[in-house]
Every structure is written in C-alpha cells, then in structure tokens.
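So the structure is just underneath, and the comments pick up after that.
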Amino acid sequence: MKIEKSYSNDSGILTDITKKSKAYWGYPEDLLDKWSDQLTITKAYIESNNVFKMVLDNKVIGYYSFFYESNTTIRLDNLFLLPDFIGKGFGKILMDDFLKRIKTEGTVNVILESDPGAEKFYKKFGFVTKGLQKTTVKNRFLPIMELKMDTL
C-alpha cells in the first residue's frame, strides 16, 4: 500500500470513490444526484489543490485533498475511501499521512466541514466541532471542525 500524489488523469476514479463512499452512508439516490457536481473531482481541481491517493495492489482505494486558506490554515477538503475499505483502518492511515505531511509546513490550524456520519472519526484525531453549517437539505447540518496543530 502506498500514498502518492494524484494527477489530473485520476479525476474519474476519484469521483467514483467520492460518490460510492457518500452512497455507503445511506443517502437516497435523488440526493446523491443533486450533489453530483459537488461530488465530482475535476482535472482542474486536482491540478490546483493538494490531492493524494491511496493505492493498494495497483488499485486506487481512497484519497484526501487539501488547500491553504491562509499561511497558517489548511482546509481538509476531502477524505474518501471505497466502501469495501471503510472501517478497516485505511481512513486512519490516510489521516495520519495528511497530518504528517502538513505538520512540517508551519500549519497552525486545520479546518474541515464533516459529513455528520464522520464527525466521530475526526474527533479521534483531536478535531473539535466549532459550529454547524446549514445545508440545502432540511434539518441537515455539517459539523465545522478545527484542529489546532499545537495539540498534536
């Protein structure tokens, strides 16, 4: 297993992983269709952000992406796995790689908007919920989470 930089030609597989991972959490098909554009990882996105894929036996099984909001704040924008690999420690490997990668860059804060089902996962790494972001879906909110790097 290895984690390596993604390139623009990975856009299709990363989009597939994103959509299958989101579907794993039981969202109805019509809602997933509504979110299709938001769940699409374009070539331009990969070229303009930090995107790293997890490869196991020559198959991409997950990825994460991030970008700088400021000199001291990074936004973890995506972290997804194919459903067969959820709950088996691969998410922890991706998160550990992400944190190791950014730790040397002088980052003070990491922020993210979590899927409600993933909030507990991020809390295991020291993220704290700072607020809730209203979504287009009635009575659905995304936890806004933050990690102060000096707590690691």
Side-chain angles (χ1 to χ4, degrees), residues 1-27 29 31-56 59-70 72-103 105 107-137 140-147 149 152:
M1 192 258 324
K2 60 186 173 180
I3 298 174
E4 60 190 25
K5 183 172 178 16
S6 287
Y7 295 96
S8 59
N9 62 344
D10 292 320
S11 64
I13 185 64
L14 299 186
T15 296
D16 189 53
I17 290 169
T18 305
K19 290 180 177 183
K20 286 179 177 176
S21 183
K22 205 66 157 166
Y24 172 86
W25 297 105
Y27 291 106
E29 194 68 35
L31 196 51
L32 294 170
D33 289 343
K34 183 178 179 180
W35 293 339
S36 183
D37 287 346
Q38 295 168 301
L39 300 176
T40 298
I41 306 302
T42 65
K43 291 179 179 189
Y45 179 87
I46 294 170
E47 291 168 358
S48 61
N49 293 283
N50 298 282
V51 184
F52 294 88
K53 61 187 175 183
M54 177 181 273
V55 181
L56 179 66
K59 178 181 179 179
V60 179
I61 64 165
Y63 76 99
Y64 67 83
S65 65
F66 66 93
F67 59 86
Y68 293 83
E69 289 218 340
S70 71
T72 59
T73 301
I74 286 179
R75 176 175 292 275
L76 179 60
D77 199 29
N78 293 293
L79 192 151
F80 287 103
L81 286 163
L82 286 172
D84 288 348
F85 300 92
I86 294 173
K88 297 181 179 167
F90 292 100
K92 180 182 183 329
I93 294 169
L94 280 174
M95 182 59 83
D96 286 344
D97 186 81
F98 164 68
L99 294 173
K100 180 182 171 189
R101 190 174 306 277
I102 66 166
K103 194 167 192 167
E105 299 190 26
T107 304
V108 176
N109 297 330
V110 179
I111 57 172
L112 61 86
E113 291 176 4
S114 174
D115 185 278
E119 186 176 14
K120 287 181 185 178
F121 171 79
Y122 292 114
K123 284 184 175 184
K124 290 178 186 176
F125 293 92
F127 281 85
V128 175
T129 303
K130 294 292 190 174
L132 297 173
Q133 175 70 43
K134 189 175 181 177
T135 70
T136 57
V137 178
R140 182 175 182 267
F141 298 88
L142 299 179
I144 306 299
M145 304 187 79
E146 180 180 43
L147 174 66
M149 293 300 288
L152 294 181

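Numbers here simply count residues along the sequence, with the first being 1.
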What's the shortest heavy-atom distance between [X] and [Y], and which atoms?
X: Ile46; Y: Ser8; value: CG2-N, 3.8 Å
X: Pro83; Y: Lys20; value: CG-O, 3.4 Å
X: Phe66; Y: Leu76; value: CB-CA, 4.1 Å
X: Glu146; Y: Lys130; value: OE1-CE, 3.0 Å
X: Asp115; Y: Tyr27; value: OD2-OH, 2.6 Å
X: Leu99; Y: Phe125; value: CD1-CD2, 4.1 Å

Asn78: which residues meet the side-chain hydrogen bond (donor to acceptor under 3.5 Å, both in side chains) condition with it, sequence neighbours left out?
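With sequence neighbours excluded, Asn78 shows a side-chain hydrogen bond (donor to acceptor under 3.5 Å, both in side chains) to Tyr45, Ser65, given in chain and number order.
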Can you name the residues that form a side-chain hydrogen bond (donor to acceptor under 3.5 Å, both in side chains) with Glu119, not counting sequence neighbours?
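By the side-chain hydrogen bond (donor to acceptor under 3.5 Å, both in side chains) rule, Glu119 matches Thr129.
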Would you check if [X] and [Y] make a side-chain contact, meaning some heavy-atom pair closer than 4.5 Å?
X: Tyr24; Y: Leu81; answer: no
X: Leu56; Y: Lys59; answer: no
X: Tyr122; Y: Leu79; answer: yes

Does Lys124 make a cation-pi contact with Phe121, if we ask for NZ or CZ under 6.0 Å from the ring centre and within 45° of the axis?
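Lys124 over Phe121 ring: no.
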Considering residues at least two apart in sequence or located in another chain, which fulfil the side-chain contact (heavy atoms from CB on, under 4.5 Å) criterion with [X]?
X: Phe67; result: Asn49, Glu69, Arg75, Asp77
X: Ser48; result: none
X: Thr40; result: Thr15, Lys19, Ser36, Thr42
X: Ile93; result: Met1, Ile3, Met54, Phe90

Not counting sequence neighbours, which residues clear salt bridge (Lys or Arg N to Asp or Glu O under 4.0 Å) with Glu4? List them please.
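With neighbours one apart ignored, the set is Lys2, Lys53.
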So, taking the atom named [atom1] in [X] and the one named [atom2] in [Y], what distance separates them when rounded to the nearest 0.5 Å?
X: Ser11; Y: Glu47; atom1: OG; atom2: CD; result: 9.0 Å
X: Ile13; Y: Ser6; atom1: CD1; atom2: OG; result: 10.5 Å
X: Leu112; Y: Ile74; atom1: CG; atom2: CD1; result: 12.0 Å
X: Ile17; Y: Leu39; atom1: CD1; atom2: CG; result: 13.0 Å
X: Ile61; Y: Ser21; atom1: CD1; atom2: OG; result: 11.5 Å
X: Phe127; Y: Ile144; atom1: CZ; atom2: CD1; result: 12.5 Å

Evaluation steps, side chain to side chain contact (heavy atoms under 4.5 Å, CB included), between Tyr63 and Thr18:
CA-CA 9 Å; Tyr63 76 99; Thr18 305; 2.5 Å; yes
Can you tell me which residue pairs pass the salt bridge (Lys or Arg N to Asp or Glu O under 4.0 Å) test with a partner in residues 84-98, sequence neighbours excluded?
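Sorted pair list: Lys92-Asp96, Asp97-Arg101.
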Can you list everything that forms a ring-ring contact (aromatic ring centres under 6.0 Å, His included) with Tyr64? Sequence neighbours excluded, please.
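Here the qualifying residues are Phe52, Phe98.
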